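One structure is given here, and the rest of the page talks about it.
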Amino acid sequence: MGDEGERNMRPPIRVAVTGAAGNIGYALLWRIASGDCFGKNQPIILQLLEIPPGMQRLEGVVMELRDSAFPLLHDIIGTEDSSLAFKDADAIFLVGSRPRTKDMDRADLVAANGPIFVGQGKAINMVASRNVKVVTVGNPCNTNALIASANATDIPSQQFTAMTRLDQNRAMGQMALHANVTPAKVLDVFIWGNHSNTMYPDPRFATIDGRKATDVFDSEWLQGPFLETVATRGKAIIVSRGASSAASAASAAVDHMRDWWQGSNGRIVSIALPSEGWYGVPKGLVFSFPCTCEAGKIKVIEDLPIDSYTQLKIDENIAALLEEREAVSDLL
Ligand code: NAD
Ligand code: LMR
């Protein structure tokens, strides 16, 4: 790096990743360390959390990160102690948890994974930066974000989000494929609700190469194969790969945090965050809304018109999330 590059560098930020030796971690860490998420002039200290059975694999991951000689990577901490991993963290990716198998729904993971987010929420509350930005990836991610936030009482709940960006990216990929354009031509399709089979990719404000998606595609496709493919893509990948999506999930986590950190340039992005009653969604439910991001802040677009089909889909997601919340009431 030349003198000019060095001069423009910012002080390092601390980025924590849980489940860092897992499949998503293996794809995510390299994207973060290369500058894809926080910018090419933002040095990083990685703080990686694993449980004891994952520590040997984590040592190997740390060796490989060092061997990649990333200019932005100032330090790497690998630990099984959450109070070290989250210490002064500016951004946290909560990935560590069990993935489902092909005979499960994501909500079936709540008993196994929910308790993880109690301890981690408490640790974040104790030691993380007061401005920390948290994205929850571990499933069921909306409800796990709710659990973490409920256990981090001194940190504003809006700083705890869950990832529905993978669903948005899947929707963009399907629209691009169907219209025979590159995904860059697909703008402003977004997800309502839960990262589960009830999620709803809303096409009404999307454009394909400047044309309204609702003019490019007919409603039979949008409400049929398109919706079905996006909503069940996670299971299709598990059946096909024998393991849940990992590289695409890591890529979506980078997109989510990059837009939150650096801004979404006026584009609509899908972020699940605690409702403040928007669109009739009960307060506190971690629900995916249409958002924009600017100057490190998420803004929910509050005034989109809602037709009866969209309302039905929003209601299905509210019902699913209320059921999940009820199932974890002892963890909140
Ligand atoms: P994986 O099994 O490959 O890795 C998970 C890692 O987490 C393991 O290394 C494990 O040791 C570690 N771990 C488990 N409990 C932990 C804890 N308490 N603290 C720290 N680390 C812990 O799984 P994966 O493929 O990386 O998936 C991780 C999670 O992400 C799963 O719950 C999966 O369902 C979810 N996921 C979510 C999305 C999404 O769109 N929201 C997409 C894909 C996967
Ligand atoms: C996905 O959407 O690929 C992940 O949530 C994994 C899963 O269980 O579907």
Side-chain angles (χ1 to χ4, degrees), residues 16-29 47-61 78-86 92-124 134-145 147-148 161-171 173 191 193-199 201 229-257 270-272 286 288:
V17 179
T18 72
N23 283 305
I24 295 176
Y26 200 61
L28 177 60
L29 296 173
Q47 306 190 157
L48 309 179
L49 184 68
E50 260 298 342
I51 47 175
M55 283 308 288
Q56 191 183 329
R57 271 180 295 123
L58 185 60
E59 277 173 33
V61 170
T79 178
E80 55 191 82
D81 179 348
S82 57
S83 62
L84 276 182
F86 297 141
I92 299 180
F93 295 80
L94 294 177
V95 180
S97 51
R98 197 184 132 186
R100 65 173 165 160
T101 48
K102 64 180 187 321
D103 48 354
M104 296 168 86
D105 280 328
R106 297 185 189 95
D108 297 333
L109 288 170
V110 79
N113 288 340
I116 294 172
F117 296 84
V118 174
Q120 293 188 353
K122 287 188 192 333
I124 290 169
V134 182
V135 55
T136 311
V137 175
N139 278 321
C141 60
N142 296 55
T143 295
N144 289 337
I147 297 170
T161 66
M163 185 173 95
T164 49
R165 186 61 174 263
L166 178 54
D167 310 306
Q168 175 183 319
N169 288 351
R170 287 168 173 164
I191 306 297
N194 195 8
H195 176 61
S196 73
N197 296 348
T198 55
M199 77 182 74
T229 302
V230 174
T232 60
R233 191 64 151 195
K235 185 162 282 186
I237 288 168
I238 292 171
V239 169
S240 180
R241 233 170 65 83
S244 72
S245 64
S248 58
S251 200
V254 167
D255 290 344
H256 175 122
M257 188 62 88
S270 313
I271 296 180
V286 175
S288 181

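Counting starts at 1 for both ligands and their atoms, in listed order. These numbers come from the heavy atoms of this one structure, side chains and all, not from hydrogens, waters or symmetry mates. Keep in mind that this is a model prediction, so the values were computed, not measured. Numbering starts at 1 and runs along the sequence shown.
If you look at Asn139 next to ligand 2, the close heavy atoms, those under 4.0 Å, all belong to the side chain. Within the 4.0 Å heavy-atom criterion, the part of Ala249 lying near ligand 1 is the side chain and not the backbone. Using a 4.0 Å cut-off between heavy atoms, His195 contacts ligand 2 through its side chain alone, with no backbone atom that close.
Counting only heavy atoms from C-beta outward, the side chains of Gln120 and Ser97 never approach each other to under 4.5 Å. A 4.5 Å side-chain heavy-atom check between Arg170 and Met199 finds every atom pair outside the cut-off.
Nearest-heavy-atom check against atom 13 (N) of ligand 1 across Gly54, Ala253, Ser97, Ala162 picks out Ser97. Looking at Ser196, Ser244, Cys141, it is Ser244 that brings a heavy atom closest to atom 6 (C) of ligand 2. Taking each of Gln120, Arg165, Glu50 in turn, the one with a heavy atom nearest to atom 19 (N) of ligand 1 proves to be Gln120. With atom 31 (C) of ligand 1 as the reference point, the heavy atom nearest to it among Met55, Met199, Arg98 is part of Arg98. Counting heavy atoms only, Ser245 comes closest to atom 43 (C) of ligand 1 of the residues Ser245, Ser248, Ala243.
Note on ligand 1: Gly138 sits in its first shell, one or more heavy atoms being nearer than 4.0 Å. Residue contacts with ligand 2 include Arg170, since one of its heavy atoms falls under 4.0 Å from the ligand. Taking a 4.0 Å cut-off on heavy atoms, Arg106 fails to register as neighbouring ligand 1. Taking 4.0 Å as the cut-off, Ile238 counts as a neighbour of ligand 2 on heavy-atom distance.
Here's the thing with Arg100: one of its N/O atoms is less than 3.5 angstrom from an N/O atom of ligand 2.
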Apply the test side chain to side chain contact (heavy atoms under 4.5 Å, CB included) to residues Asp108 and Arg100: give CA-CA distance (whole Å), side-chain angles for both, the deciding distance (0.1 Å), then the verdict. CA-CA 8 Å; Asp108 297 333; Arg100 65 173 165 160; over 6 Å; no
Full working for side chain to side chain contact (heavy atoms under 4.5 Å, CB included) between Phe86 and Thr79: CA-CA 10 Å; Phe86 297 141; Thr79 178; over 6 Å; no
